[in-house]
4 protein chains.
Amino acid sequence: MTSTAAADPDKRAPGRPRSARSEQAIIDAVLSMISEGVAIETLSVESIAARAGVGKATIYRRWSSKEQLVVDAVASLKLPVPEVAGESVRDDLVTLVSAIARNAPHNYGKLMNCLIPQIARTQELQHWYQQIIEPRREATRRVLRRGMASGELRADLDLEAILVLLAAPMIVQRTMRWNPALDTPDLAERVVDAVLAGAAARPNGR
Amino acid sequence: MTSTAAADPDKRAPGRPRSARSEQAIIDAVLSMISEGVAIETLSVESIAARAGVGKATIYRRWSSKEQLVVDAVASLKLPVPEVAGESVRDDLVTLVSAIARNAPHNYGKLMNCLIPQIARTQELQHWYQQIIEPRREATRRVLRRGMASGELRADLDLEAILVLLAAPMIVQRTMRWNPALDTPDLAERVVDAVLAGAAARPNGR
Amino acid sequence: MTSTAAADPDKRAPGRPRSARSEQAIIDAVLSMISEGVAIETLSVESIAARAGVGKATIYRRWSSKEQLVVDAVASLKLPVPEVAGESVRDDLVTLVSAIARNAPHNYGKLMNCLIPQIARTQELQHWYQQIIEPRREATRRVLRRGMASGELRADLDLEAILVLLAAPMIVQRTMRWNPALDTPDLAERVVDAVLAGAAARPNGR
Amino acid sequence: MTSTAAADPDKRAPGRPRSARSEQAIIDAVLSMISEGVAIETLSVESIAARAGVGKATIYRRWSSKEQLVVDAVASLKLPVPEVAGESVRDDLVTLVSAIARNAPHNYGKLMNCLIPQIARTQELQHWYQQIIEPRREATRRVLRRGMASGELRADLDLEAILVLLAAPMIVQRTMRWNPALDTPDLAERVVDAVLAGAAARPNGR
DNA sequence: CGTTAATCGAGACGGTACGTCCTGTCTTCGG
DNA sequence: CCGAAGACAGGACGTACCGTCTCGATTAACG
């Protein structure tokens, strides 16, 4: 018997290891069905298994619920954080904000709509969601800080508030068409400009 | 109810008229189950019928789908548009924006989360949703116009953009905890202030 | 049996009554599959439902287990008690005993083999089984009593013992081929003759 | 036993030899579960493997089906043929016949009930069954022949018929409670006496 | 003494069937 | 004709086993 404790990282689980092929086939099945327009709540575990050529047990062995499976599938997409030109602060913000509405592949938008209630409910999904969007927030923060440093932006910004001001309108408008009057392609620019300009009159330069 | 119903002067539907009691019992059953924390997609027509002491057919006779029933149930809540003091523009905006996060009864927040995907999908739900929120938007518009007229606000505002800037952060933060750093009770004030102030520096008075 | 006989005979159960057509279709499906040679433990509720054009719930609503369904199906066959000529006691016994091995339709023999363990285990099945065979036993008793009255048979017979002596060999030989040497078509006659004659030598007429 | 023994006696199969410990553990697991009252068709290979602390493959390597495994397990019990006193033919027969109902260990009776359908179906099981009971039949034949020789029994007996007359009632009554009226402890004696005496009246010494 | 090869435990694999639950429709009855 | 009650065909759920298939680790006999 070895002296290595149970929490040995290179200790191999006994028995036949789980097949990476099956795992990928399942994920692919989910994504392909979603991108074919199957409504997410219509997705049945049975149809996923059939499409993936896999037994239902193989799915349930890995994911305890359909929701977690869908989330994993979506998370596996690994959308890249958009890169910014780095010249104009306004242009960079427009680039980042536009990206929120344009993460196109696999019906991502439709998917996110369906995930929102899940996210709102489930603690772990909130963690997962943070991992997805924090990099985007951070990219935006960098642009804002650059603007503050260069003098393009005010130095006393409530940074987190500005972040949500920029992102939330895109999300809300995209998922629930919050205001029909805003259903125009230049929404990102209008939002960025409104955020930059502010609403208050400044009689004396501030 | 007396036998002299006389709701319709000329044509009376034959047979037994639909019972308003049943209708209300169904709506109440839905609302009570929701406020007890039953997830909206877990709600089954069967359980609703049982809770309401009603046959399933009585439900299907009135609503063609569970979604419409839920929407009707929610719509029946008739939340009042908040009233504003009308003195300070900022204070009025804070009042209106705070209200978004505080429409408390019947787990309204949880409910909305679940309805968002439905709204995103279904045209009619979008119409219904507009009817609910347009009065609130209009109330906000009035405040903004008042500020523009009084000189408190800039005169060239992109009004619709400002509206979404005010409301979207509250919705996003409440439904999906978009940014943990913003989970504070004074979110409404921070948002209003950020919107009013804007982000751009104004070296030359603009 | 599954009939939930209410205390009140003319009291009608509320709701839609169970369809006799479905019930018959299910029974027929079972019998047809059995007579096509499907092994009884291979019979799946799913295949029965499919064959009968019926939902699984419609089966489970009536029978709580596959076994009870099969028993009901078999019981519905209502094999007639064979009639006897009434002249010779020996011939009548041969007729009755032969019938045990010849209840032919629907693979009845194969079926009984599979039911035996169930019968051995389940109290209610024993009751059901008694209802099936008691009429046959009674017919045999009548023949024996007739013989005792007419003097063809001894008057002090252990009637029940004679009954089992006549029937058991047929059952055992048919279900488990208890003794290959007895696998002949005239088994019934040999059994009857051996029972009638007895084994003991009678030097002095008794 | 199902293990494919090598044709060549001194040729040793290469590789690791099969473990006799595992084999015994599997048999023991089956027997213990049966004697704990687990219904034979409820026995799962998986549970047997778990109980025996053995991989499923180790079972399938030795037995191609659960039925064969159970048969092997039962066969390993090797019940002894009862010995007879050898004085009175009647007493010896009672001893032998009683033994049929009293092969007690390991729920043998319950077990046999479950095996009957298998036996009825499977050719090999019939062979195996013959090997088990033929010695008992032979013991009974010896007693009967002794009686015929000594004049205690008639000389023209249909021996095989008498054998089944003696054994079948015990089997049938024990496995399916064929006749509730016969559920008495002295069944063996009643059967033996009835067989010895016969049913026919003998007015003229025959 | 190392190679070879079948075994071992463990457990994942693609499947099939289970028995339950729900959907949306359809009968039945009494009001 | 409406109402409750509940049966109907259908279909997905999540579980349990089936018999097969990898895994790494043993365990002999052969070279």
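Source: prediction; values computed, not measured. Letters go in sequence order (proteins before strands), and every chain restarts at 1.
- In this structure, Thr58(C) does not reach the dA7(F) phosphate: none of its side-chain N or O atoms is under 4.0 Å from OP1 or OP2.
- Atom CD in Glu41(B) sits about 14 Å away from atom C1' in dC22(E), given to the nearest Å.
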Using atom names, set out every protein N or O paired with an N or O of nucleotides 23-27 of chain F below 3.5 Å, distance rounded to 0.1 Å.
from: dT26(F); atom 1: O2; to: Arg16(D); atom 2: NH1; distance (Å): 2.9

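- To the nearest 0.5 Å, atom CG of residue Leu69(B) and atom OG of residue Ser65(B) are 8.0 Å apart.
- The residues Glu46(D) and Arg51(D) are annotated as not salt-bridged, no charged nitrogen and carboxylate oxygen being separated by less than 4.0 angstrom.
- For DNA chain F, no neighbouring residue in residues 18-28 of chain A is found when judged by any heavy atom under 4.0 Å.
- The residue among Ser47(A) and Ala52(B) whose nearest nucleotide of DNA chain F lies closer to the 5′ end is Ala52(B).
- Side-chain atoms of Gln24(B) and Asp28(B) include a donor-acceptor pair closer than 3.5 Å.
- Arg62(B) has a carboxylate O that lies under 4.0 Å from a charged side-chain N of Glu23(B), or vice versa, which qualifies the two as a salt bridge.
- The phosphate of dC2(F) (OP1 or OP2) has no side-chain N or O of Arg62(B) nearer than 4.0 angstrom.
- Of the inter-residue distances, the one linking Glu67(B) atom CD with Leu43(B) atom CG reads 10.5 Å to the nearest 0.5 angstrom.
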Extract from the structure each pairing of a protein N or O with an N or O of nucleotides 14-17 of chain F at less than 3.5 Å, listing the distance.
from: dG14(F); atom 1: OP2; to: Tyr60(A); atom 2: OH; distance (Å): 2.2
from: dG14(F); atom 1: O5'; to: Tyr60(A); atom 2: OH; distance (Å): 3.3
from: dG14(F); atom 1: N7; to: Lys56(A); atom 2: NZ; distance (Å): 2.8
from: dG14(F); atom 1: O6; to: Lys56(A); atom 2: NZ; distance (Å): 2.7

